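The next block holds one structure in the form of structure tokens; read it before the comments.
Chain letters run A, B, ... following the sequence lines, proteins first and then strands; every chain starts at 1. What you are looking at is a predicted structure, and each value in this text was computed from that prediction instead of being measured.
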Amino acid sequence: MAKKHETAIRPTRAENYPEWYQQVIRASDLAELSPVRGCMVIKPWGYALWENISRALDDMFKATGVKNAYFPLFIPVNFLEKEARHVEGFAKECAVVTHHKLEKDQQGELVPAGKLNEPLIVRPTSETIIGDAFSRWVRSYRDLPVLINQWANVVRWEMRTRIFLRTSEFLWQEGHTVHATRQEAIDRTYMMLNVYIRMAEEYLAMPVITGEKSAAEKFPGAEMTTCIEAMMQDRKALQAGTSHFLGQNFAKASGIRFQSAMETEEFGWTTSWGVSTRLIGGLIMAHSDDNGIILPPRVASSHVVLLPILKNIDENEKVMAFTRELAEKLRRKNYHGTPVRVEIDERNIGGARNWEWIKKGIPLRVEIGPKDIAKDSVYVSRRDKDRKDSVSMQKDAFVDEIDTILDEMQSRLYEKALAFQREHTRDIDEKGEFDAFFTPADPQRPEIHGGFARSPWCGSTECELAIKDRLNVTVRCIPFDREADGGKCIECGAAGKGRVIFAKAY
RNA sequence: CGGGGCGUGGCGCAGUCUGGCAGCGCGCCUGCUUUGGGAGCAGGAAGCCGCAGGUUCAAAUCCUGCCGCCCCGACCA
């Protein structure tokens with residue numbers, strides 16, 4: 001027997017969480033770093049997750065009347081300048097295109113030539129260029145609402161990057177809408193937030209808290225930013241999606257005007273909302289264990305791998321025929337509107353084969369050997385359970401029940417993550433306790449600590465920033481459902497306006 | 001951009017202090033034996049030791065500069 005490891009991923013979460021995160025991604029074959037700083041190559045097993053996420057979101061968007069379109073990667077610099085807070089928020093992380101041509105210099109090296117008259121920025125987000133288009137599309141209240149989404153890449157020149165969580169280039173969708181009234185735009189903001197809540201909780205099995213961002217944390221130029229925040233296994237918060245009510249700020253900046261039914265000229269009310277490949281980072285950190293990633297069935301790259309046990313030539317053909325037939329039956333099954341996704345791995349590499357699929361997080365592993373075939377059964381292992389919980393099932397029963405099994409796994413992952421979130425969410429009313437909650441024993445190499453603190457806050461940016469300076473803890477969101485009970489601000493002791501969620505964040 | 005750590009076959013690492021043929025484990029390839037939780041034996045391939053200079057008879061090792069990665073900050077989805 002080979003050397004046994006206690007865990008497939010080392011270091012473990014407890015030993016070194018950031019390193020564990022990277023090793024999980026490597027071992028699961030989701031993605032790798034690219035030669036370009038801060039960028040990533042998303043490999044097929046990882047990209048399939050994004051495809052499944054984006055397909056489900058796309059369906060949900062379209063069900064609310066949203067249509068897809070595509071806008072340019074390059075944006076004139078002066079577009080960004082139109083909205084003051086927006087330019088302040090994004091200017092420092094913009095990639096700028098200044099030339100259109102390369103020429104060889106005397107050393108034979110390619111150097112930029114052909115300076116552009118007007119530099120272009122690579123979109124960090126598309127409010128401005130889409131606003132420009134909308135200003136031409138909207139003339140009358142009869143043109144409203146405009147409900148547009150685009151699937152795109154964006155670039156934000158980040159100082160510190162982390163694969164999937166914060167990359168210089170990332171994939172996302174950005175929805176942009178224009179409405180005739182303030183209320184309609186606000187309703188749309190919440191409507192899309194609800195889509196994100198569904199994505200996180202029903203598909204990613206990732207419980208989220210929802211609410212509004214503080215003035216310091218909201219989107220540059222937004223009147224209100226709503227968000228979903230999830231707790232990762234290191235108890236930090238991950239902003240997993242945002243939906244913004246932009247008021248008339250961008251309509252004024254871009255000249256989105258329409259003639260109302262009363263024959264008056266009005267500015268449109270706009271929203272924007274987005275989620276990104278960051279969701280995959282969230283999924284990893286919400287569910288994975290020390291043996292690798294655990295994929296929630298609703299978005300899993302694949303649902304089940306069939307592992308034929310090929311022992312001797314006489315029986316191999318029978319085993320393979322049984323395996324292929326099972327694969328076909330499974331693929332004809334419908335799981336929440338999509339065919340069950342099946343892999344067959346017939347490599348003869350012993351137990352290592354099993355471990356590869358564990359590290360890749362596939363929900364179900366099905367071993368098929370001569371002993372099973374004799375009983376017309378299969379041996380089923382679940383990624384969310386221990387090996388000793390593996391069961392032998394009649395083949396037909398397995399085919400019949402696979403959707404139920406996957407759904408049970410899906411809800412178990414959700415319940416487990418929810419229990420974790422609740423376990424590490426505390427009402428804290430006293431400053432000393434608050435500081436202790438968020439202070440690691442070793443600041444240079446912090447152990448997993450903290451969580452979500454539900455604490456009273458007076459609402460002032462001063463207090464928020466003071467807490468950030470002291471502990472690197474921020475207001476993650478002001479929950480919609482918070483109690484009116486004020487308490488005393490955790491920072492200044494003045495009358496609070498209710499409890500908000502404080503946490504360290506990605 | 002500041003403080004700390006680290007760059008050596010695909011992955012994880014030793015070797016660096018004290019200069020002297022580039023190593024180990026896993027993985028990979030071939031063959032045989034195996035096979036229901038990380039197989040065994042035999043053979044084999046694979047490295048500009050992050051990059052560029054310098055010192056030296058000789059540099060993974062010493063010196064200088066640069067680049068990249070990770071952690072802690074500033075910035076952020």
TODO: Indicate whether OP1 or OP2 belonging to B:C69 is found under 4.0 Å from a side-chain N or O atom of A:R37.
DONE: yes

Open item on the list: What is the distance, to the nearest angstrom, from the CD1 atom on A:I349 to the P atom on B:C26?
Closed with: 16 Å

Open item on the list: Between A:T189 and A:S243, is there a side-chain donor-acceptor contact under 3.5 Å, judged purely by atom types and distance?
Closed with: no

Task: Atom-pair distance (CZ on A:R470; P on B:A74), nearest Å - done: 14 Å

Open item on the list: I'd like to know whether A:E127 forms a side chain to side chain contact (heavy atoms under 4.5 Å, CB included) with A:L246, so could you lay out the CA-CA distance, the side-chain angles of the two residues, the decisive distance to 0.1 Å, and finally the verdict.
Closed with: CA-CA 10 Å; A:E127 271 74 10; A:L246 303 175; 4.2 Å; yes

TODO: In whole angstrom, give me the gap between the C1' atoms of B:U34 and B:C71.
DONE: 45 Å

- [ ] Calculate the interatomic distance between A:W20 atom CH2 and B:G12 atom P; express it in whole Å.
- [x] 17 Å

Task: Mate of B:A52 where both pairing distances stay under 3.5 Å, Watson-Crick or G-U - done: B:U64

Open item on the list: Does B:C70 have OP1 or OP2 under 4.0 Å away from a side-chain N or O of A:Q22?
Closed with: yes

- [ ] Give none if B:G9 has no partner; otherwise give the nucleotide forming a Watson-Crick or G-U wobble pair with it, both distances under 3.5 Å.
- [x] none

Open item on the list: Strictly below 4.0 Å: does A:R160 bring a side-chain N or O up to OP1 or OP2 of B:C72?
Closed with: yes

Open item on the list: At less than 4.0 Å, is any side-chain N or O atom of A:N291 found next to OP1 or OP2 of B:G38? Yes or no.
Closed with: no

Open item on the list: Using OP1 and OP2 only, check whether a side-chain N or O of A:K468 sits under 4.0 Å from B:C75.
Closed with: yes

TODO: Consider only side-chain N and O atoms of A:R123 and A:N153, and report whether a donor and an acceptor are under 3.5 Å apart.
DONE: yes

Open item on the list: On the nucleotide B:G12, are OP1 or OP2 found under 4.0 Å from the side-chain N or O atoms that A:R26 carries?
Closed with: yes

Open item on the list: I'd like to know if the side chain of A:T225 pairs up with that of A:H244 as donor and acceptor (distance under 3.5 Å, no hydrogens or angles considered).
Closed with: yes

TODO: Check whether any side-chain N or O of A:R365 sits under 4.0 Å from OP1 or OP2 of B:G36, and answer yes or no.
DONE: no

